[in-house]
Amino acid sequence: MPELPEVETVVRQLNSAIANLKINDVQVYFGIRNQPEQKSFISTLVGKTILKVERRAKVIIFRLSDDMTMVAHLKMSGKFFIHLAEVKPDKHTHVVLRLDNDKQLFWHDVRKFGYLKIMTNLEVDDWFLNKNFGPEPLLDTFTPAVFKRQLLTRKNAKIKNTLLDQSVVAGVGNIYDIEALWLAKIHPLRVINTLTDSEIELLHQHIVAILHKSVAANGTSSDDFLDTSKKRGTFQDELKVYGKENTPCPRCATIFTKIKLNGRGTVFCPSCQI
DNA sequence: CGTACCGCCTGGGGGC
DNA sequence: TGCCCCCAGGCGGTAC
């Protein structure tokens, strides 16, 4: 489940591998979510140059020539692969871009939740405004005070749910949410209103630290995340809580509990997360 | 308005 | 071996 570190890993690789390459041909093997006009999808892309690749929240942004932009969301299982010209698509490859230098960019998505969408640069600005994404947690401007202000926009909600709200903080998903709460010793059901300033500061510190560490490890491949070369990240080796229900807490040896919160598996220590 | 929760989609794993 | 059911979850849409 790609979150900020996994998306950042993909964006860096895309940017170094395909920036400044021209799109010479486009094949679509499956209808693209949010982009029903398949003909215009293809005709808009062909002939454009990929100027650079960026990230905002968990969205991948391909800046194209002629003031156009393609955005992509990996959702659960979306992947970009960079292949040489002779590699053939498999049953889950939905789009292939043939690029300069005999490179191909594959859009691959088993569960089909992800999307690609093409807009003009004017449209994409509006699209992002409408998303109302919160602050980027890896920027210096994401201070404890900013974090507190963002949290207080949802003062009666549970902290576990609130960290997943992309308008509060951009880029946190279920894995880093669970891990950061354990590191900060905060129970996932705590209501925002009840958090002390020192708890908020501690949580802020752990969110920033874990995201940085995971980016350095090329993300978490506890499920099926792969980078653009089909390589796994390594941060799953450093997870303390996610996927470890019914095993002892490394801090206090109490057996981890698992509950479901808004349909998401939530593992925590019932003893030292208060 | 704030908050909670369904459903999209598929492969993998457990139970029998 | 095979069948069935459940699980994973980001987030848009919707209900309350």
Side-chain angles (χ1 to χ4, degrees), chain A residues 1-11 29-36 55-61 71-80 89-95 107-117 126-134 136-137 149-181 188-195 211 214 219-226 230 232-233 236 239 241-246 256-268:
Chain A
M1 39 244 69
E3 306 177 29
L4 187 153
E6 293 75 36
V7 177
E8 181 66 23
T9 297
V10 169
V11 164
Y29 299 94
F30 188 84
I32 307 159
R33 198 177 280 262
N34 288 4
Q35 191 74 42
R55 179 188 62 76
R56 173 73 171 109
K58 298 171 195 166
V59 177
I60 299 173
I61 308 165
V71 295
H73 200 304
L74 305 177
K75 293 288 184 94
M76 295 304 302
S77 60
K79 294 172 182 67
F80 281 109
D90 68 14
K91 65 182 281 205
H92 299 299
T93 306
H94 305 316
V95 177
W107 166 246
H108 184 280
D109 188 6
V110 171
R111 275 174 259 186
K112 297 179 182 159
F113 282 16
Y115 60 80
L116 307 179
K117 187 170 173 59
D126 275 352
W127 188 81
F128 274 109
L129 279 178
N130 187 253
K131 295 282 178 194
N132 194 29
F133 285 130
E136 283 290 332
R149 186 193 71 206
Q150 291 298 104
L151 288 179
L152 287 175
T153 63
R154 306 226 12 215
K155 53 188 165 60
N156 294 313
K158 297 171 184 70
I159 184 63
K160 166 71 194 327
N161 299 341
T162 303
L163 291 180
L164 292 175
D165 185 334
Q166 300 298 295
S167 71
V168 174
V169 182
V172 176
N174 204 42
I175 296 176
Y176 302 108
D177 182 345
I178 290 172
E179 294 288 320
L181 287 173
L189 296 178
R190 283 283 293 286
V191 171
I192 301 296
N193 257 344
T194 73
L195 296 174
L211 293 176
S214 185
T220 296
S221 294
S222 62
D223 195 354
D224 66 349
F225 170 70
L226 297 174
K230 298 196 171 182
R232 290 160 56 81
Q236 63 276 10
L239 297 179
V241 203
Y242 178 83
K244 301 196 187 297
E245 56 269 29
N246 303 322
F256 279 137
T257 299
K258 182 172 184 178
I259 58 173
K260 206 134 189 156
L261 214 49
N262 284 7
R264 276 153 231 193
T266 303
V267 183
F268 63 98

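Here is the naming used below: chain letters follow the sequence lines, and residue numbers restart at 1 for every chain. Bear in mind that the values here come from a model prediction, so they are computed numbers and not experimental data.
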> With distance as the sole test, does A/Arg232 use its side chain to make a donor-acceptor pair with the main-chain N or O of A/Ser221 at under 3.5 Å?
Replying inline: yes

> Do the side-chain N or O atoms of A/Asn161 get closer than 4.0 angstrom to the phosphate oxygens (OP1, OP2) of B/dA4?
Replying inline: yes

> Between A/Asp109 (CG) and B/dC8 (C1'), how many Å, whole number?
Replying inline: 12 Å

>> Please report the distance, rounded to the nearest Å, between CD1 in A/Ile175 and P in C/dA8.
In response: 12 Å

>> It should be established whether A/Lys260 places a side-chain nitrogen or oxygen under 4.0 Å from OP1 or OP2 of nucleotide C/dG9.
In response: no

> OP1, OP2 of B/dG11 versus side-chain N and O of A/His92: anything below 4.0 Å?
Replying inline: yes

>> In terms of relative ring orientation, are A/His73 and A/Tyr115 parallel, tilted or perpendicular, with 30° and 60° separating the classes?
In response: tilted

> Nearest-Å distance, NZ (A/Lys131) to P (C/dG13)?
Replying inline: 8 Å

>> Any side-chain N or O of A/Lys91 below 4.0 angstrom from OP1/OP2 of B/dG11?
In response: yes

>> Nearest to the A/Val110 side chain among C/dG12, C/dG9, B/dT10, which nucleotide is it?
In response: B/dT10

> Could you give the CD1-to-P distance, from A/Ile192 to B/dA4, as a whole number of Å?
Replying inline: 10 Å

>> Rounding to an integer number of Å, can you tell me how far A/Met76 CE sits from C/dG12 P?
In response: 15 Å

>> Can you see if the side chain of A/Gln166 gets near the phosphate of C/dG10 - specifically, an N or O under 4.0 Å from OP1 or OP2?
In response: no

> Quick one: which of C/dG10, C/dG12, B/dT3 gets closest to the side chain of A/Asn156?
Replying inline: B/dT3

> Is any side-chain N or O of A/Arg111 closer than 4.0 Å to OP1 or OP2 of B/dC8?
Replying inline: no

> CG of A/Asp224 versus C1' of B/dG12: gap in Å, rounded?
Replying inline: 11 Å

> Is the phosphate of C/dG9, meaning OP1 or OP2, less than 4.0 Å from a side-chain N or O of A/Tyr242?
Replying inline: yes

> When you measure from the side chain of A/Asn161 to the backbone N and O of A/Leu261, does any donor-acceptor pair fall under 3.5 Å?
Replying inline: no

>> C/dA8, OP1 or OP2 - any side-chain N/O from A/Lys258 closer than 4.0 Å?
In response: yes

>> Reading DNA chain B from 5' onward, which residue's closest nucleotide shows up sooner: A/Arg264 or A/Lys155?
In response: A/Lys155

> Regarding A/Asp165 and A/Thr162, is there a side-chain donor-to-acceptor distance under 3.5 Å anywhere?
Replying inline: no

> In whole Å, what is the span from the CD atom of A/Glu245 to the C1' atom of B/dG13?
Replying inline: 14 Å

>> When you measure from the side chain of A/Glu3 to the backbone of A/Ile175, do you find a donor-acceptor pair of N or O atoms at a distance under 3.5 Å?
In response: yes

>> Any side-chain N or O of A/Asn262 below 4.0 angstrom from OP1/OP2 of B/dA4?
In response: no

>> How many whole angstroms separate atom NE2 of A/His108 from atom P of B/dC9?
In response: 18 Å

> Does A/Lys79 come within less than 4.0 Å of A/Asp224, counting only side-chain N to carboxylate O?
Replying inline: yes

> Hey, does the side chain of A/Asn174 come within less than 4.0 Å of C/dG9's phosphate (OP1/OP2), counting only N and O?
Replying inline: yes

> Nearest to the side chain of A/Phe113 - B/dC8, B/dA4, B/dG11?
Replying inline: B/dC8

> Are any of A/Lys112's side-chain N or O atoms less than 4.0 Å away from OP1 or OP2 of B/dT10?
Replying inline: yes

